[in-house]
Amino acid sequence: MLVPLKPETVQKLIPILATGPQYQYYWGEWPDLLKRLIFSAIGAIVGGLVLLPLSGGLLKLLVFLLAIAAGLYWFWGPIALASWRNQEYRRFPYAALWRGQVLDLFVTEELIGLEENVNQKGELVVVENRERRLNVEVGDEEGFTAISQVRLQRHHKAIKPGDVAEMVVLSYQGNFKRIAKTTDIYLPNRDMWLSDYPCLHREFFLEMRPYLQKSSKSKSRRQPVSSKRRAAMDRRNR
């Protein structure tokens, strides 16, 4: 079920500047902060060295401002990264509120990085860093399905197939025949959000939910079918 959204509503749901959760997402862990601090220190030092031989004028002021900006990169870096990522969602001309159900759940191990270490023999070895991820397949009575992958957490055990799922879908087509991108999934029965990156302004999304509830009352419900089950049915019908 889809409820098309006006452009001004989408701009509120996906803001230009980073929200608190988005800033926290890109703030990262201690190693991420350390990298930004090193970059800030190098930028400030280089800016200071360039500033010393300058006599004055507009160029000196410009270099001074750039040196300050570089020195504060550890702070504003997450804002810039989140705002840039938000533009990937805001560039789509059409958006809609979507409601369906959880169809399937399965866990996979994904490669998230490689590390080079030296073993006891002095040999260089490459170590794969893998992470367990929860894959959540959602769908609706129209046949649309999508899979969202998130880091597996203990409270995910409460999610069951058949749970109501809501999110925002984005498309280049006004009829939404092809969905180009999806956002955070909200499970109202669990009061739980599922996402890798929290792109939505979640408080405003919750304010928009009554529109979904009104639309759901005007449409008959049909049980959605998982893409896996649909493929099996197609094979049997051939």
Side-chain angles (χ1 to χ4, degrees), residues 1-26 82-83 85-92 94-108 132-171 176 179-219 221-227:
M1 182 191 65
L2 292 173
V3 179
L5 297 172
K6 296 179 180 179
E8 54 268 25
T9 303
V10 179
Q11 293 174 7
K12 293 180 181 180
L13 279 170
I14 308 175
I16 295 178
L17 296 178
T19 62
Q22 292 171 351
Y23 184 85
Q24 186 176 5
Y25 175 88
Y26 274 110
S83 300
R85 186 161 181 176
N86 287 351
Q87 293 304 313
E88 296 181 8
Y89 294 88
R90 291 168 60 90
R91 63 188 174 90
F92 294 97
Y94 301 101
L97 291 173
W98 176 91
R99 170 177 282 181
Q101 293 183 11
V102 175
L103 303 182
D104 198 7
L105 301 161
F106 56 96
V107 177
T108 57
R132 298 189 72 193
R133 309 278 289 182
L134 176 67
N135 298 265
V136 183
E137 183 183 8
V138 297
D140 60 15
E141 66 275 8
E142 303 297 330
F144 167 74
T145 61
I147 295 179
S148 180
Q149 191 179 83
V150 298
R151 179 180 297 177
L152 183 63
Q153 299 182 30
R154 182 171 298 177
H155 64 268
H156 290 157
K157 294 180 179 180
I159 306 173
K160 304 296 181 183
D163 285 348
V164 175
E166 300 171 352
M167 62 183 175
V168 173
V169 296
L170 305 164
S171 176
F176 294 96
I179 304 299
K181 207 172 188 65
T182 62
T183 64
D184 320 36
I185 298 175
Y186 179 62
L187 306 179
N189 296 341
R190 311 290 179 186
D191 191 22
M192 184 186 303
W193 288 91
L194 298 174
S195 67
D196 178 37
Y197 172 71
C199 76
L200 292 179
H201 190 298
R202 295 181 172 180
E203 290 77 9
F204 186 70
F205 177 88
L206 295 179
E207 295 178 6
M208 299 298 298
R209 290 192 63 246
Y211 293 99
L212 277 170
Q213 295 171 356
K214 291 179 182 179
S215 298
S216 64
K217 293 179 182 178
S218 63
K219 294 185 178 181
R221 295 184 177 179
R222 291 178 292 172
Q223 183 69 22
V225 181
S226 167
S227 60

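Fair warning: this is a prediction, and the values are worked out from it, not measured in the lab. Index from 1, following the sequence.
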Query raised in the report: Can you tell if the side chain of D163 reaches within under 4.5 Å of the side chain of M192, non-hydrogen atoms only?
Result: no

Query - R132 (side chain) donor-acceptor with V107 (main chain) under 3.5 angstrom - result: no

Query - 4.5 Å side-chain heavy-atom contact, F204 and T9 - result: yes

Requested in this report: Measure across P4 and A96 and return the closest heavy-atom pair with its distance rounded to 0.1 Å.
Outcome: CA-CB, 3.8 Å

Query - Check against side chain to side chain contact (heavy atoms under 4.5 Å, CB included), R99 and R209 - result: CA-CA 10 Å; R99 170 177 282 181; R209 290 192 63 246; 3.5 Å; yes

Requested in this report: Taking T183 for its side chain and V168 for its backbone only, find out whether a donor-acceptor pair lies under 3.5 Å.
Outcome: yes

Query raised in the report: Which pair of heavy atoms, one from F92 and one from A180, lies closest together, and at what distance?
Result: CE2-CB, 3.4 Å

Query raised in the report: Do Y186 and R202 come close enough that some side-chain heavy atom pair is under 4.5 Å?
Result: no

**Report entry** Considering all heavy atoms, the nearest A158-R190 contact
**Finding:** O-CZ, 3.0 Å

Query raised in the report: Closest heavy-atom contact between M167 and A146?
Result: CE-CB, 4.5 Å

Query raised in the report: Can you find a heavy atom in the side chain of H156 that is under 4.5 Å from one in the side chain of L194?
Result: yes

Requested in this report: Taking all non-hydrogen atoms of both residues into account, name the closest pair between V102 and L187 and its distance.
Outcome: CG2-CD2, 3.9 Å

**Report entry** S83 (side chain) donor-acceptor with I16 (main chain) under 3.5 angstrom
**Finding:** yes

Report task. May I ask you to decide if C199's main-chain N or O and Q22's side chain share a donor-acceptor pair within less than 3.5 Å? Result -> yes

Query raised in the report: Is it the case that more than 12 heavy atoms not belonging to R151 sit under 6.0 Å from its CZ atom?
Result: no

Query raised in the report: Quick one: are W193 and V150 in side-chain contact, heavy atoms under 4.5 Å?
Result: no

Requested in this report: Please examine the side chains of L134 and I159, heavy atoms only from C-beta on, and report whether any two atoms are closer than 4.5 Å.
Outcome: yes

Query raised in the report: Below 6.0 angstrom between ring centroids: does that apply to F144 and W98?
Result: yes

Requested in this report: Might you confirm whether atom CD of E88 has over 12 heavy atoms from other residues, nucleotides or ligands at distances under 6.0 Å?
Outcome: yes

Query raised in the report: Has the side chain of N86 got a donor or acceptor atom that lies under 3.5 Å from a matching backbone atom of P15?
Result: yes

Report task. Find out whether Y25 and D196 are in side-chain contact, i.e. whether some heavy atom of one side chain is under 4.5 Å from a heavy atom of the other. Result -> yes

Query raised in the report: Going by atom types alone, do Y26 and R85 pair a side-chain donor with an acceptor below 3.5 Å?
Result: yes

Report summary line: Heavy-atom nearest pair, A165 first then V138, reads CB-CG1, 3.9 Å

Query raised in the report: Rounded to the nearest 0.5 Å, how far apart are CG of L200 and CE of M208?
Result: 11.5 Å

Requested in this report: Show your working on side-chain hydrogen bond (donor to acceptor under 3.5 Å, both in side chains) between Y197 and D184 and close with a plain yes or no.
Outcome: CA-CA 8 Å; Y197 172 71; D184 320 36; over 6 Å; no

Requested in this report: Take atom NZ of K12 as the centre, draw a 6.0 Å sphere, and report whether it contains more than 12 heavy atoms from other residues, nucleotides or ligands.
Outcome: no

